[in-house]
Amino acid sequence: MSFNKFHNRISTKWLVSLTVAVLSAILFIGLKPKALSHSNNAGWLVNRTGIRFAKNSIAYTDPIFDLIQDHVSSQQEFSVEIALKPKSFQEEGFGFIFLIHGGRDRTQFLIGQWGASLIAMNGDDYDHHRKTKRIFFKSTSPTPDMHLMTVTTGTEGSKIYIDGRLVKSRKDLKLGIPDGKTARLLLGNSIYGRHAWNGEIYGVALYGNALSPKEIEAHSRAFFKNRRFSAINQPAPFILFPLDEKGGTLAKNYPGGTHHLHIPSEMKILSPLFFFRNQLRYMLKRSIFTNQDAILNFFGFIPLGILLSATLVRLDGAYERHAIAITLLTGFFISLFIETIQAWMPDRSSDIQDLILNTVGTLIGAVSCRYFMRIQG
């Protein structure tokens, strides 16, 4: 049976029903209603103080702009101490362990993990494509263990200490803390919820000066002797999270009694990331035909293009004359809607590649429909 005969024998009502069914399937697959709500996988440890982080987990403070202004000098001398244990050295991607974000990715300060490396840096050059300066320590241990990691920066450059021992130093690198009014501290993820870290954190402290080697060594001895991060309090930090509550949705910041750490029951994306930056560069580096999601995004919208175009042709008049254009715009805006919503979903991403493939798939479906109708009629 030819395409035209098949089209003529199907009523407009059936065409509309099929189009609505395909559109509903696209929206269901793209949005997954059950996925719109996610539990926060950051949970208190049972047998000791601390928090376990995994996929879709986050902990964060309210803006700490006033603390940064009061305690971090214009010379940007500061130290971060964090007791932690990564779950694995085989994790893919860049996981955020500690972050201070002031509104711009290029100025954020973070401590993260890439494979077996613990990295301290400013900015968003996670894959080191732009060769932005950073300081890192790569573990040679086959399995992760609990460590007290200290990062200091100041006039003498930046240093990393592990368990009180200096393991890396860069005199040509001076790190900085962003001081924007929206600056806040996060653990276990980025503000976009796309850089989850897998592991345990037993305590965090932030100092307004570069700690001396003797102070760092003393802190390490105290921590491993008492197995409690609260034992580290000299010199006094301006942020200290011993993480000893063992329950609830708040971890107290002991100095001053304000700017506590929130551990919400639901995973929270603090800033949605619409259409990943630098995606076009990655699209050019790999073939879409090796990416299953890309193939589904392309072919999944072709039936919508065919059915919607056929329905518009059946309506005659201006709808028939502009069937391809109307179908193309409909596919584009449906895809744009899905990608916008996905920016707020922890396990999905707002992807410009998906938008392009969805729109092209719709166009091919519409053009194919009109082509077969014309050559047969």
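The first residue of the sequence shown is numbered 1, and numbering continues consecutively from there. Atoms considered below: every heavy atom in the structure, side chains included; atoms not considered: hydrogens, waters and symmetry mates.
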- Start with the C-alpha distance between Asn209 and Leu211, add both sets of side-chain angles, then the distance that settles side chain to side chain contact (heavy atoms under 4.5 Å, CB included), and finish with yes or no. CA-CA 6 Å; Asn209 63 294; Leu211 295 175; 4.1 Å; yes
- Message: Would Asp179 and Gln69 count as a side chain to side chain contact (heavy atoms under 4.5 Å, CB included) here? Give the steps.
- Response: CA-CA 7 Å; Asp179 58 357; Gln69 289 286 302; 3.7 Å; yes
- Evaluate the criterion side chain to side chain donor-acceptor pair (under 3.5 Å) for residue pair Tyr207 and Glu77; output intermediate values, then yes/no. CA-CA 9 Å; Tyr207 301 83; Glu77 279 201 3; over 6 Å; no
- Would Phe241 and Asn253 count as a side chain to side chain contact (heavy atoms under 4.5 Å, CB included) if you check the C-alpha gap in whole Å, the side-chain angles of each, and the deciding distance to 0.1 Å? CA-CA 5 Å; Phe241 296 120; Asn253 176 31; 3.4 Å; yes
- So Ile119 and Ile135, side chain to side chain contact (heavy atoms under 4.5 Å, CB included) or not? Walk me through it. CA-CA 6 Å; Ile119 303 165; Ile135 185 169; over 6 Å; no
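For the pair His128 (side chain) and Thr132 (backbone), a donor-acceptor distance under 3.5 Å is present. Judged by distance alone, with hydrogens and angles left aside, the side-chain atoms of Arg184 form a donor-acceptor pair with the main-chain N or O of Thr61 at under 3.5 Å. Side-chain atoms of Asn198 never come within 3.5 Å of backbone atoms of Glu91 as a donor-acceptor pair (strictly under, hydrogens ignored). At least one donor-acceptor pair closer than 3.5 Å links the side chain of Ser220 to the backbone N or O of Asp163. Listed for the Gln113 side chain is a donor-acceptor partner under 3.5 Å among the backbone atoms of Gly115. Under the 3.5 Å distance criterion, the side-chain polar atoms of Ser212 are matched with a main-chain donor or acceptor of Glu215. Gln108 contributes no side-chain N or O that, together with a main-chain N or O of Ile100, makes up a donor-acceptor pair within less than 3.5 Å. For the pair Gln76 (side chain) and Ile177 (backbone), a donor-acceptor distance under 3.5 Å is present. Of the possible donor and acceptor atoms, none in the side chain of Arg104 sits under 3.5 Å from a partner among the backbone N and O of Gly123. Under a 3.5 Å cut-off, the side chain of Ser335 and the backbone N or O of Gly331 do not form any donor-acceptor pair.
Considering only heavy atoms from C-beta on, Leu355 stays 4.5 Å or farther from Gln353 through its side chain. No side-chain heavy atom of Ile263 sits under 4.5 Å from any side-chain heavy atom of Leu250. Residues Asp105 and Tyr192 are in side-chain contact: their nearest non-hydrogen atoms beyond the backbone lie under 4.5 Å apart. Contact annotation: the side chain of Leu187 approaches that of Val204 to within less than 4.5 Å [non-hydrogen atoms, C-beta and beyond]. By the 4.5 Å heavy-atom criterion applied to side chains, Leu148 and Phe224 are counted as neighbours. Side chains of Leu304 and Thr19 form a contact here, defined as non-hydrogen atoms less than 4.5 Å apart. Residues Leu185 and Leu99 are not in side-chain contact: their nearest non-hydrogen atoms beyond the backbone lie 4.5 Å or more apart. The shortest distance between side-chain heavy atoms of Met267 and Ile58 falls below 4.5 Å.
Applying the ring-ring contact (aromatic ring centres under 6.0 Å, His included) test to every pair with at least one member in residues 46-81, sequence neighbours left out, gives these pairs: Tyr60-His262, His71-Phe238, Phe78-Phe109. Evaluation of the ring-ring contact (aromatic ring centres under 6.0 Å, His included) test over residues 132-160, restricted to residues two or more places apart or in two chains, returns none. Listed by first then second residue, pairs satisfying salt bridge (charged side-chain N to carboxylate O under 4.0 Å, His left out) with a partner in residues 43-52 read Arg52-Glu200, not counting sequence neighbours. Sorted by first and then second residue, the ring-ring contact (aromatic ring centres under 6.0 Å, His included) pairs with a member in residues 79-99 read Phe94-Phe96, Phe94-Tyr126, Phe96-Tyr126, Phe96-His195; sequence neighbours excluded.
Within a 6.0 Å radius of NZ in Lys87, other residues, nucleotides and ligands contribute 12 heavy atoms or fewer. Residue-environment remark: CD (Glu320) exceeds the threshold of 12 foreign heavy atoms within 6.0 Å. Heavy-atom contacts from other residues, nucleotides or ligands closer than 6.0 Å to NZ of Lys174 number more than 12.
Between the CG atom of Leu270 and the CG atom of Leu186 there is a distance of 5.5 Å, given to the nearest 0.5 Å. Here NZ of Lys85 is found 8.0 Å from CE of Met146. Values are rounded to the nearest 0.5 Å. Atom CG of Leu328 sits about 10.0 Å away from atom CZ of Phe333, to the nearest 0.5 Å.
The minimum heavy-atom distance linking Thr153 with Ser158 is given by the pair OG1-OG, 2.8 Å.
Remark: Asp244 engages Arg228 in a salt bridge (charged side-chain N to carboxylate O under 4.0 Å, His left out) (not counting sequence neighbours). Under the rule for a side chain to side chain donor-acceptor pair (under 3.5 Å), the partners of Arg170 that lie at least two apart in sequence or sit in another chain are Asp172.
When each of Ile97, Leu206, Val151 is paired with Ile82, the side chain to side chain contact (heavy atoms under 4.5 Å, CB included) condition holds for Ile97 and for no other.
Classification of Asp124 and Arg130 as a salt-bridged pair holds, one side-chain N sitting under 4.0 Å from a carboxylate O. Residues Arg221 and Glu217 are paired through a salt bridge, judged by an N-O separation under 4.0 Å between the basic side chain and the carboxylate.
Using modelled atom types and a 3.5 Å distance limit, the side chains of His259 and Asp66 yield a donor-acceptor pair. Using modelled atom types, one finds no donor on one side chain facing an acceptor on the other under 3.5 Å when comparing Thr152 with Ser79. Side-chain contact annotation: Asn358 with Asn297, donor-acceptor N/O pair under 3.5 Å present. In this structure, a donor-acceptor pair under 3.5 Å is absent between the side chains of Asn41 and Ser57. At a cut-off of 3.5 Å, with distance as the only test, no side-chain donor of Glu245 or Trp44 sits close to an acceptor on the other residue.
Residues Val167 and Met149 share a single hydrophobic cluster, defined by chaining ILVMFWY side chains whose heavy atoms lie under 4.5 Å apart.
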